[in-house]
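Inspection log for the structure reproduced underneath, given as structure tokens.
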Amino acid sequence: WRKWASSRANAATGPTTLDVGYGIWVTNEVLLMNERGSPNFQSLIRLTPEGDTSRPGGHRATTTISSLRSHTFQMAKTDAIIRKAAGAQTVADFESACGLLPDATALDSWSDATTKDTALHLAAARGHADVVDAMLGKMKEGAARRKNKEGKTPACVALERPDDSGVFGVFLARGAVKASGTVGDNGEAYIVYCGLKGHLNSLQALLDAGADPDTATREDHPLLFMVTATFALQRNNDAALSARLQQAAVALLRGGAKADARGPGDFTPLHIAGEIGSVDLIEALLEHGATRNVQNIEKKTPADMAAEWGHVDAVALLLGGAGQEENARKMVADKAERAKNLAAEAGEQKRAALIPGPEDPSEEKYAKCKLDGNRAFVDQDFAKAFELYTQALRHKTDDSTLWSNAAAAALRMGDGRLEDAMRHARVARTVDTGNVKAWYREGQAAQRMKLWTDAASAYYEAFLVNNDAPAGRRVGGIDLAALVK
């Protein structure tokens with residue numbers, strides 16, 4: 001259009017309007033420029049006298065610059081009104097904004113040019129349930145099924161709000177989404193997503209609408225089991241989320257979920273509740289029919305799990321409640337003594353099998369090689385660092401940190417050294433079972449080798465050790481619970 005404007009500015013006579021194709025082009029350019037005061041735009045407007053719609057060759061022009069300007073301004077005005085309506089905090093404000101729209105179809109037809117969000121997407125993101133309800137009442141039936149550029153419906157956008165505002169329940173009540181639906185085309189079921197996020201309002205709305213409380217995750221694990229497991233993992237990481245997850249588990253039980261739902265290793269929610277000593281959750285599970293003496297793949301009952309972790313109150317409750325306190329204390333003491341003896345015996349066997357003796361014992365050579373290895377590691381010369389750490393291990397083999405550092409260097413040398421990383425990490429955590437980084441690096445190596453069970457086990461040990469470690473030995477900046485999941 002700039003070429004056209006320039007040619008018309010230099011012509012003494014000639015046509016002063018555009019055909020339809022040019023008209024669409026100019027409209028798009030003006031919208032993209034968004035500069036009413038642009039000199040080129042103003043000169044383009046001046047070139048077109050009102051009423052001059054002729055063109056050589058007998059073709060009639062259908063769009064004049066003045067009409068383009070009017071149309072552009074009307075589009076901008078409609079856009080602003082719809083955004084105001086979608087962002088309204090009350091139904092009254094929403095209705096007031098809708099009264100300014102040029103016609104009743106504007107709400108349905110509008111979408112953001114960049115994100116493809118509809119008015120309903122914007123309102124759902126704001127989280128005002130009554131406004132969303134009013135908007136659904138004005139829009140066509142398929143409005144709630146429209147997807148934005150990310151492939152998300154307005155209901156999915158509502159679920160992503162961390163405050164669980166109740167907007168999703170409006171979509172359910174209006175019949176705009178089905179209780180059995182999924183988040184995205186290949187996502188989790190709505191009830192699974194809400195359960196694992198601790199979205200209590202939406203979860204209850206789904207249960208009330210007939211969603212199956214025994215719905216499985218995409219990994220085919222029962223929802224109640226996964227909510228309970230996630231609750232256990234989050235107890236020391238996010239107290240608020242953990243509290244919501246416990247309430248979510250209770251809501252699923254009240255909604256009819258099977259209390260003995262089995263997960264990996266034939267663990268049940270009651271096994272997990274016993275392991276972490278959650279008396280409240282144990283009571284809720286027993287109240288809804290959980291079996292006290294159910295066994296996992298290792299033939300352990302929930303009481304066994306609770307006793308192994310030293311939870312006397314939980315053991316007493318799992319043994320039958322009142323009057324079982326003395327039996328519970330004895331069971332915990334017996335488990336502790338047996339574990340101590342087994343650990344000592346197994347520990348010596350493992351140490352003898354996994355920890356080689358030094359080939360050339362020397363504190364001086366060990367210290368120098370370790371120091372040089374640390375310097376090479378800082379300089380990101382990981383191959384040299386690994387070589388120096390290996391030399392240091394010829395002179396001393398009972399330093400857990402040295403084995404762990406060697407594993408870290410091997411991890412950074414690429415996938416070809418993953419077995420070295422795994423071996424050194426395992427020796428490191430055998431030398432010192434409290435070495436969080438050794439467990440973590442074993443998990444990293446196993447994950448990259450696609451040994452998923454080994455990776456999860458190593459990360460879980462790192463999670464437990466890290467929580468029990470004194471403040472000075474805890475590793476920060478790593479979400480171990482998320483890695484386990």
Side-chain angles (χ1 to χ4, degrees), residues 1 17-38 41 44-45 48 50-51 53 60-158 165 167-168 170-177:
W1 70 264
T17 57
L18 307 174
D19 63 18
V20 176
Y22 270 112
I24 294 171
W25 190 14
V26 172
T27 302
N28 288 336
E29 287 289 331
V30 172
L31 286 172
L32 289 171
M33 287 168 59
N34 196 22
E35 297 178 5
R36 294 185 186 180
S38 165
F41 184 41
L44 191 59
I45 293 172
T48 309
E50 291 292 334
T53 57
R60 297 288 296 172
T62 60
T63 308
T64 66
I65 293 299
S66 59
S67 67
L68 286 174
R69 177 173 59 180
S70 175
H71 179 65
T72 300
F73 292 165
Q74 183 58 52
M75 287 176 65
K77 181 179 178 182
T78 300
D79 183 277
I81 293 170
I82 288 179
R83 291 181 186 276
K84 181 178 180 180
Q89 298 186 28
T90 66
V91 174
D93 290 343
F94 168 72
E95 295 290 354
S96 176
C98 287
L100 301 174
L101 291 172
D103 58 69
T105 64
L107 270 179
D108 284 294
S109 60
W110 182 89
S111 66
D112 184 276
T114 303
T115 65
K116 303 304 179 186
D117 284 327
T118 66
L120 202 51
H121 282 93
L122 298 185
R126 290 281 185 173
H128 298 297
D130 51 351
V131 173
V132 172
D133 186 53
M135 185 177 288
L136 281 168
K138 287 181 175 291
M139 300 180 77
K140 293 179 180 178
E141 183 179 348
R145 294 193 295 272
R146 289 180 64 182
K147 297 180 180 180
N148 61 14
K149 190 174 182 179
E150 296 179 350
K152 297 175 181 176
T153 64
C156 292
V157 171
S165 60
V167 170
F168 183 76
V170 172
F171 286 103
L172 275 173
R174 284 273 185 177
V177 296

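Both backbone and side-chain heavy atoms feed into the values below; hydrogens, waters and symmetry mates do not. Sequential numbering from 1 along the given sequence is applied to the chain's residues.
Across all non-hydrogen atoms, the minimal contact from Gln89 to His128 is CG-NE2, 3.6 Å. Closest approach of Ala119 and Ile82 over heavy atoms only: CB-CG2, 3.8 Å. When every heavy atom of Val157 is checked against every heavy atom of Asn148, the shortest pair comes out as CG2-ND2, 4.3 Å. Across every non-hydrogen atom of Val177 and Ala155, the tightest pair is CG1-CB, 3.6 Å. Contact record, Thr153 with Ala144: CB-O, 3.6 Å, taken as the closest heavy-atom pair. Residue Pro154 comes nearest to Arg146 through the heavy atom pair CD-O, 3.3 Å, listed as atom of the first residue, atom of the second, then distance.
The side-chain heavy atoms of Phe94 and Asp130, taken from C-beta on, include no pair separated by under 4.5 Å. The shortest distance between side-chain heavy atoms of Val167 and Arg126 does not fall below 4.5 Å.
Separation of atoms CD (Glu150) and NZ (Lys116) is listed at 13.5 Å; rounding is to 0.5 Å. Glu95 CD to Leu100 CG: the interatomic distance, rounded to the nearest 0.5 Å, is 11.5 Å. Here the straight-line distance linking atom OG of Ser109 with atom NZ of Lys140 works out to 8.5 Å at 0.5 Å rounding.
With salt bridges taken as basic N to acidic carboxylate O contacts below 4.0 Å, none links Asp93 and Lys84.
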Check the pair Lys152, Asp117 against salt bridge (charged side-chain N to carboxylate O under 4.0 Å, His left out), reporting the backbone distance first and the verdict last. CA-CA 9 Å; Lys152 297 175 181 176; Asp117 284 327; over 6 Å; no
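A side-chain hydrogen bond (donor to acceptor under 3.5 Å, both in side chains) with Trp110 holds for exactly one of Thr118, Asp79, Thr78; it is Asp79.
In this structure, Asp103 contributes its side chain and Ala106 its backbone to a donor-acceptor pair below 3.5 Å.
Side-chain contact, Asp108 with Thr105: no donor N or O sits under 3.5 Å from an acceptor N or O.
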